[in-house]
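To keep things clear, I will list the structure first and then write my remarks on it.
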Amino acid sequence: MIDLRSDTVTKPTEEMRKAMYTAEVGDDVYGEDPAVRKLEEAAAAILGKEAALFVTSGTQGNQIAVLTHCRPGNEILLESESHIFYYESGAVAALAGVQTRTIAGNRGAMNPADVKAAVRPSDQHFPETGLICIENTHNRAGGAIVSAANMEEIYQIGRENNIPVHVDGARLFNAAAAAGVPVTDFTINCDTVQICLSKGLGAPVGSIIAGSKEFIQTAHKWRKRLGGGLRQAGVIAAPGYIALTKMRTRLAEDHDHAKRLANGLNMINGIEIINQIDTNIVVADVAGLNLTSEAFVEILKQQGILSGSFGPTLVRFTTHFDVTAAEIDQAIETVAKVSKQ
Ligand SMILES: *Cc1c(COP(=O)(O)O)cnc(C)c1O
């Protein structure tokens, strides 16, 4: 099987498995797990924030951020197809009790003028705008990079209005690798950030949220309330540390593979690649084959290629370190073959 469903499917490397075995652990709820502390300190330094917190998933990290920044009845501003709005089971409504105000972006980037116009003036009729969320890279926009300049303008609007800015940076290291800049070029333009260790970086579990010391202190409480206070968590933090410190520089390879895949698929009659390939996500429209995405995904699966339905006729392919260039070529050949039939 060549698994292109998601970059979450990567298996821990040999080095990560050894690190799990040898991790020095303690009770992290007492703040006594050395492996967790090492991960959190490294993450804070790399992300350019005062403090960081190890959380169980990207969703949990984003939710803790919303809960920490907002009060019930607040309104949050976020992109129309952002993960927090689209893929987190309505958690911001169910848990934080906030309402969402979505802003349609261009390749995942919200126009700062639209953000500014959506900020609520002070009036008893209105909810208070409690948070602005930016997603980078933007998943449903096909792994599009939101520029640091766009983030800076939005962060400026946030500061002028006393509204914090949170970045859902599940794949922010992909943005940094593709742009060839340190991740702090992006994180300088936000108050808090969530990054996934378990996507392109390849850790088996976990995410990091980072921000001010005060933010992380309150975030601890929300993590506990959500059942995310873990005990000898060093066994999962240790592979996370390797993911964070050793896997970032190889992400560019995944991006090359995605371009190779997109170019190959685009040559096939009936298939159209609809996104600009900034990072590791390729979105193909299979409408020209007169197939639904679900039917197409099923046919490919029978041929040993796993992909994901991304809309009625859209199929998503995601590259990651468990897929080689040869396997990318094999995937292209297989799609060419099934498309002819
Ligand atoms: C995957 C993803 C998340 C959530 O991460 P999980 O660990 O799957 O909960 C959040 N935001 C974006 C943009 C993602 O792609």
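A donor-acceptor distance shorter than 3.5 angstrom exists from the side chain of Asn74 to the backbone of Arg71, with no hydrogens or angles considered. A distance-only check finds no donor-acceptor pair linking the side chain of Asn136 to the backbone of Ile145 [under 3.5 Å]. A donor-acceptor pair under 3.5 Å is formed between the side chain of Ser207 and the backbone N or O of Gly58.
Comment: Arg101 engages Glu75 in a salt bridge, judged by a side-chain N to carboxylate O separation of less than 4.0 angstrom. Taking the charged nitrogens against the carboxylate oxygens, Arg37 and Glu32 have no contact shorter than 4.0 Å, which rules out a salt bridge. Taking the charged nitrogens against the carboxylate oxygens, Arg223 and Asp28 do have a contact shorter than 4.0 Å, which makes a salt bridge. In this structure, Glu153 does not pair ionically with Lys116, as no charged nitrogen and carboxylate oxygen lie closer than 4.0 Å. Taking 4.0 Å as the cut-off between side-chain N and carboxylate O, Arg260 and Asp329 count as a salt-bridged pair.
Of the inter-residue distances, the one linking Gln330 atom CD with Ile328 atom CD1 reads 10.5 Å to the nearest 0.5 angstrom. Taken from NE2 in His138 to CD1 in Ile134, the straight-line distance is 11.0 Å, to the nearest 0.5 Å. Taken from CZ in Arg171 to OG1 in Thr279, the straight-line distance is 7.5 Å, to the nearest 0.5 Å.
Under the 4.5 Å side-chain contact rule for hydrophobic residues, Ile299 and Ile305 share a cluster. Transitive grouping of hydrophobic side chains (ILVMFWY, heavy atoms separated by less than 4.5 Å) keeps Ile277 and Phe173 in distinct clusters. Note on Val92 and Ile103: separate hydrophobic clusters, where clusters join Ile, Leu, Val, Met, Phe, Trp and Tyr whose side-chain heavy atoms are under 4.5 Å apart, directly or indirectly.
Counting all heavy atoms, side chain and backbone alike, Val29 lies closest to Arg231 at CB-NH1, 3.2 Å. Ser80 and Tyr86 make their closest contact through O-CD1, 4.3 Å (heavy atoms, listed as atom of the first residue, atom of the second, distance).
Side chain to side chain, His320 and Asn280 fail the donor-acceptor criterion of an N or O pair below 3.5 Å. With 3.5 Å as the limit, one finds a donor-acceptor pair spanning the side chains of Tyr87 and Arg140. A donor-acceptor pair shorter than 3.5 Å cannot be found between the side chains of Thr137 and Asn174.
In this structure, the side chains of Glu128 and Cys70 stay at 4.5 Å or more apart for every pair of heavy atoms. The shortest side-chain heavy-atom distance between Lys49 and Thr187 falls under the 4.5 Å cut-off.
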I would like to know whether Val167 and Thr192 meet side chain to side chain contact (heavy atoms under 4.5 Å, CB included); could you show each step before the answer? CA-CA 6 Å; Val167 169; Thr192 63; over 6 Å; no

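Tyr155 carries Arg159 over the face of its six-membered ring, with the cationic atom under 6.0 Å from the centre and within 45° of the normal.
Phe215 and His69 have parallel rings, their planes meeting at less than 30° on a 0 to 90° scale where 60° marks the start of perpendicular.
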